[in-house]
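As structure tokens, the structure follows; a few thoughts come after it.
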Amino acid sequence: MPEGPSIVLLKEAAISFSGKEILSVEGNSKIDMHRFPGKRVESIQSWGKQFLIVCDDFIIRIHFLLFGSYRINERKEQPPRLSLQFENGELNFYACSVKILEGRPEDLFDPEGDVMNDQWNPEKAKSKLEQTPNAEICDALLEQDIFAGVGNIIKNEVLYRVQVHPESLVGKIPPAKLDEIIYEARNYSFQFLEWKRNFELKKHWLCHNQKTCRRCELPFSRKHTGTKNRRSFICVKCQELYV
DNA sequence: TATAATGTTTGAAC
DNA sequence: AGTTCAAACATTAT
């Protein structure tokens, strides 16, 4: 569920609740949800992996972490973390993090930092990368302050496609190659979106969860990389290591 | 059945 | 006081 494109799909699925009044709430979240009924949803937004239900003076922020899920107009067996009832249906969230953010989304989130956003700004990403030359690129891609919405699948697929080893140091990657990485972070995220929409995401994985590299037939090296220690699938022949 | 996996926050330890 | 890191959380497919 969790990477940026999946949240965009949720946003599309939940758009019918935009402008609607929250009639009632339930759920086992510890937040003060009693203030929700009677409020109107101003807009449904997303930023990176976060799903935002924007009301006039606060935002309900949902983060699905690793295992979170949602149902629209249906329910799972488990009790919902948060359930919102509207006149035209209900929105149910499970096993996720729910927070109330005070303030306006434009004050809290920079649209230029979200790879799924129209306002995504690749130059800004590049200058942020230049600030951390000693970071490994596998960590940098997962950094939500730089590439909001990129998760481990996108990280792996991007680095395989541009043929860069995950343990390459940001400062040692040639600038043109860095531009390619930044471009592909957004480009692959949108491919992810369309493939996920059509339930064919896994079919298009080139390295993630794959056994062998289809360029050279060598088996992938599987390794947990970076300070974030997330698993990587590496073709040591096809992906260049810049150190 | 045990394990690992699309992730982040928190608080203890250093 | 700043950093680092393990623990916590929780679900599902293999």
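Quantities reported herein were computed from a predicted structural model and do not represent experimental measurements. Every chain is numbered from 1, with letters handed out A, B, ... down the list of sequences.
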Do A:Ile173 and A:Tyr188 share a hydrophobic cluster (ILVMFWY, side-chain heavy atoms under 4.5 Å, transitive)? yes
Using heavy-atom distances to pick each residue's nearest nucleotide on DNA chain B, tell me which of A:Lys99 and A:Phe67 is more 5'. A:Phe67
Using a cut-off of less than 4.0 Å, is there contact between a side-chain N or O of A:Arg231 and OP1 or OP2 of B:dA4? no
Mind checking what makes side chain to side chain contact (heavy atoms under 4.5 Å, CB included) contact with A:Ala95, not counting sequence neighbours? none
Which whole-number value in Å describes the distance from A:Asp145 CG to B:dT8 P? 11 Å
Regarding A:Gln210 and A:Thr212, is there a side-chain donor-to-acceptor distance under 3.5 Å anywhere? no
Say we look at B:dT3 and C:dA7: how far apart would their P atoms be, to the nearest angstrom? 16 Å
Listed partners of A:Glu102 passing side chain to side chain contact (heavy atoms under 4.5 Å, CB included), at least two apart: A:Arg35, A:Phe58, A:Ile100
Consider the side chain of A:Leu65, meaning its heavy atoms from C-beta on, and name the nucleotide among B:dT8, C:dA10, B:dT6 that approaches it most closely. B:dT8
Position toward the 5' end of DNA chain B (nearest nucleotide), A:Asn209 or A:Arg61: A:Asn209
Are A:Phe86 and A:Phe17 close enough that their ring centers fall under 6.0 Å? yes
Distances under 3.5 Å only, N/O to N/O: pair up the protein atoms with those of nucleotides 12-14 of chain C.
from	atom 1	to	atom 2	distance (Å)
C:dT12	OP1	A:Lys76	NZ	2.5
C:dT12	OP2	A:Gln78	NE2	3.2

So, is A:His224 close to the B:dA5 phosphate, meaning a side-chain N or O under 4.0 Å from OP1 or OP2? yes
Starting at NZ of A:Lys30 and ending at P of B:dT10, how long is that distance when rounded to a whole Å? 11 Å
Figure out the CG/P separation between A:Asp139 and C:dC5, and round it to whole Å. 12 Å
Gap between atoms OH and P, on A:Tyr70 and C:dT11 respectively (whole Å): 17 Å
Strictly below 4.0 Å: does A:Arg81 bring a side-chain N or O up to OP1 or OP2 of C:dA10? yes
Could you identify which residues cluster with A:Leu23, counting Ile, Leu, Val, Met, Phe, Trp and Tyr as linked when any side-chain heavy atoms lie under 4.5 Å apart, either directly or through a chain of such contacts? none
With a 4.0 Å limit, can you tell me whether A:Lys49 has a side-chain N or O closer than that to the phosphate oxygens OP1/OP2 of B:dT8? yes
Nearest-angstrom distance from the residue atom CG of A:Asn152 to C1' of B:dT6: 7 Å
Could you spell out the base pairing of DNA chain B as a dot-bracket line? Use Watson-Crick and G-U wobble contacts where both distances are under 3.5 Å, [ ] for crossing pairs, | for partners on a different strand. .||||.||||||||
In whole angstroms, the gap separating P of C:dA6 from CG of A:Asn229 amounts to 9 Å
Under the 6.0 Å and 45° cation-pi test, does A:Arg186 pair with A:Phe147? no
Interatomic distance at P, C:dC9 relative to B:dT1, whole Å: 23 Å
Figure out the CG/C1' separation between A:Leu142 and B:dA5, and round it to whole Å. 14 Å
Distance check needed: B:dT6 P versus A:Phe233 CZ, whole Å only. 7 Å
Does the ring centre of A:Phe51 sit less than 6.0 Å away from the ring centre of A:Tyr70? no
According to side-chain hydrogen bond (donor to acceptor under 3.5 Å, both in side chains), who are the partners of A:Glu194, at least two apart in sequence or on a separate chain? A:Arg197
By nearest atom, which of the nucleotides C:dT11, B:dT6, B:dT8 is closest to the A:Ala95 side chain? C:dT11
Any luck finding a side-chain donor-acceptor pair between A:Lys49 and A:Ser6 under 3.5 Å? no
